[in-house]
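To start, the structure under review is shown below, and the notes come after it.
A, B, ... follow the sequence lines: proteins, then strands. Residue 1 opens every chain.
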Amino acid sequence: MPELPEVETIKNELAPVVGRRISGVDLLWERMLHQPSPAEFQSRIADRCITGISRRGKYLIFSLDSGDSLIIHLKMTGSLLLGRGSPPEYTRAIIHLDDGSSIFFRDPRKFGKIQLVADRDSVIGELGPEPLEEGFTPEVFTRGLQKRKAPLKAVLLDQGFIAGIGNMYADEALFRAGIHPLRLANSLSDAEVRRLHRAIRGVLLAAIDSKGASVNTYYRPSGEKGSAHTGFNVAHRRGEYCPVCGTGIERILIRQRGSYYCPKCQLEKR
DNA sequence: CCCGGAACCTGAAGGC
DNA sequence: TGCCTTCAGGTTCCGG
């Protein structure tokens with residue numbers, strides 16, 4: 001599933017399309033377009049030039065020379081493939097570029113969303129801090145956590161609290177910090193908060209180095225997979241054993257999300 | 001504010 | 001082998 005490291009990788013590897021002009025877009029599954037209407041979308045995007053690509057949380061943002069932003073969310077099974085010729089299976093939208101290449105939005109589950117907006121903050125304005133940017137300091141993290149009494153795992157998945165972390169990296173960060181996912185956010189000691197802060201950044205940076213984790217249907221724009229999942233300690237390792245202590249990895253549901261952890265390395269305290 | 005649950009989807013995996 | 005059920009999860013929305 002595309003989370004921050006996967007979307008960051010896609011953003012980096014789509015760099016070749018910056019400067020290209022969009023000759024047209026085929027919407028093969030119209031409900032993927034969130035706004036505006038299909039007709040307005042087509043007229044506003046045709047012949048626009050892509051002036052930049054950025055990422056905010058799990059959103060990918062194409063800046064256009066019109067001032068509009070084309071914002072894509074890959075949700076769980078989406079990927080953007082750069083290619084030529086016929087689209088791969090499960091392609092839901094095709095962005096045609098003026099050099100004859102295309103960006104294929106492949107998404108078996110049809111959860112992905114496309115929107116074209118003049119004001120990008122109307123989409124990404126409510127997101128929490130970027131965990132890899134300067135503004136995400138241990139102090140900011142501490143203040144935020146103190147306001148929340150929900151299970152830590154649930155808070156880390158809240159995009160308004162911190163942007164870009166999904167199920168896999170929340171589990172990995174909690175493991176690295178040695179903290180149980182059910183611990184209440186406002187119950188952490190200063191040392192634990194600092195450990196978790198470091199763990200979040202470490203886990204995300206390592207995953208970006210590995211070009212993301214291909215646990216499911218994630219592919220890089222080249223069609224290659226990422227390898228971050230080979231370094232996972234607990235995420236998606238049901239039935240396996242903790243690489244540190246050998247204890248069986250457990251899975252519990254927290255807010256309907258499968259949460260993997262080591263019951264020995266991540267002792268429940270209070 | 002906080003929480004749970006449904007909805008959106010379909011391939012994969014498990015049960016019988 | 002094959003049908004049927006359940007599971008997976010990011011976000012949004014609704015109700016308590």
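Judged purely by distance below 3.5 Å, without hydrogens or angles, the side chains of Gln115(A) and Tyr59(A) never pair a donor atom with an acceptor atom.
In terms of phosphate contacts, Gln256(A) brings no side-chain nitrogen or oxygen within less than 4.0 Å of OP1 or OP2 of dG4(B). Listed pair Arg251(A) / dA8(C) meets the phosphate criterion, a side-chain N or O lying under 4.0 Å from OP1 or OP2. Contact check, Lys58(A) against dT11(C): a side-chain N or O comes under 4.0 Å of OP1 or OP2. Contact annotation: Arg148(A) side-chain N/O to dC1(B) OP1/OP2 distance is not under 4.0 Å. For dA8(C), neither phosphate oxygen OP1 nor OP2 lies less than 4.0 angstrom from any side-chain nitrogen or oxygen of Arg257(A). An OP1 or OP2 oxygen of dG11(B) is reached within less than 4.0 angstrom by a side-chain nitrogen or oxygen of Tyr90(A).
Between the C1' atom of dT12(C) and the CD atom of Gln35(A) lies a distance of 14 Å, rounded to the nearest Å. Put simply, NZ on Lys113(A) is 10 Å from P on dC13(C), counting in whole angstrom units.
Contact annotation for Lys147(A): backbone-only contact, meaning every heavy-atom pair under 4.0 Å involves sugar-phosphate atoms and none involves a base. Residue-level contact check: His236(A) touches the backbone only, with heavy atoms under 4.0 Å from sugar-phosphate atoms and none from bases. Among the protein residues, Lys110(A) comes within range of the sugar-phosphate backbone only, with heavy atoms under 4.0 Å from sugar or phosphate atoms but none that close to a base.
Of the inter-residue distances, the one linking Ser259(A) atom OG with Leu253(A) atom CG reads 7.5 Å to the nearest 0.5 angstrom.
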Below 3.5 Å, can you tabulate the donor-acceptor pairs from side chains in residues 124-131 of chain A to any protein atom, sequence neighbours excluded?
from	atom 1	to	atom 2	distance (Å)
Glu130(A)	OE1	Arg55(A)	NH1	3.0
Glu130(A)	OE1	Arg55(A)	NH2	3.0
Glu130(A)	OE2	Arg56(A)	NH1	3.0
Glu130(A)	OE2	Gly57(A)	N	2.6

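Using a 4.0 Å cut-off between charged nitrogen and carboxylate oxygen, Arg48(A) and Asp68(A) do not count as a salt-bridge pair.
Across dT12(C), dT10(B), dC8(B), the shortest atom-to-atom separation from the side chain of Arg31(A) is found for dC8(B).
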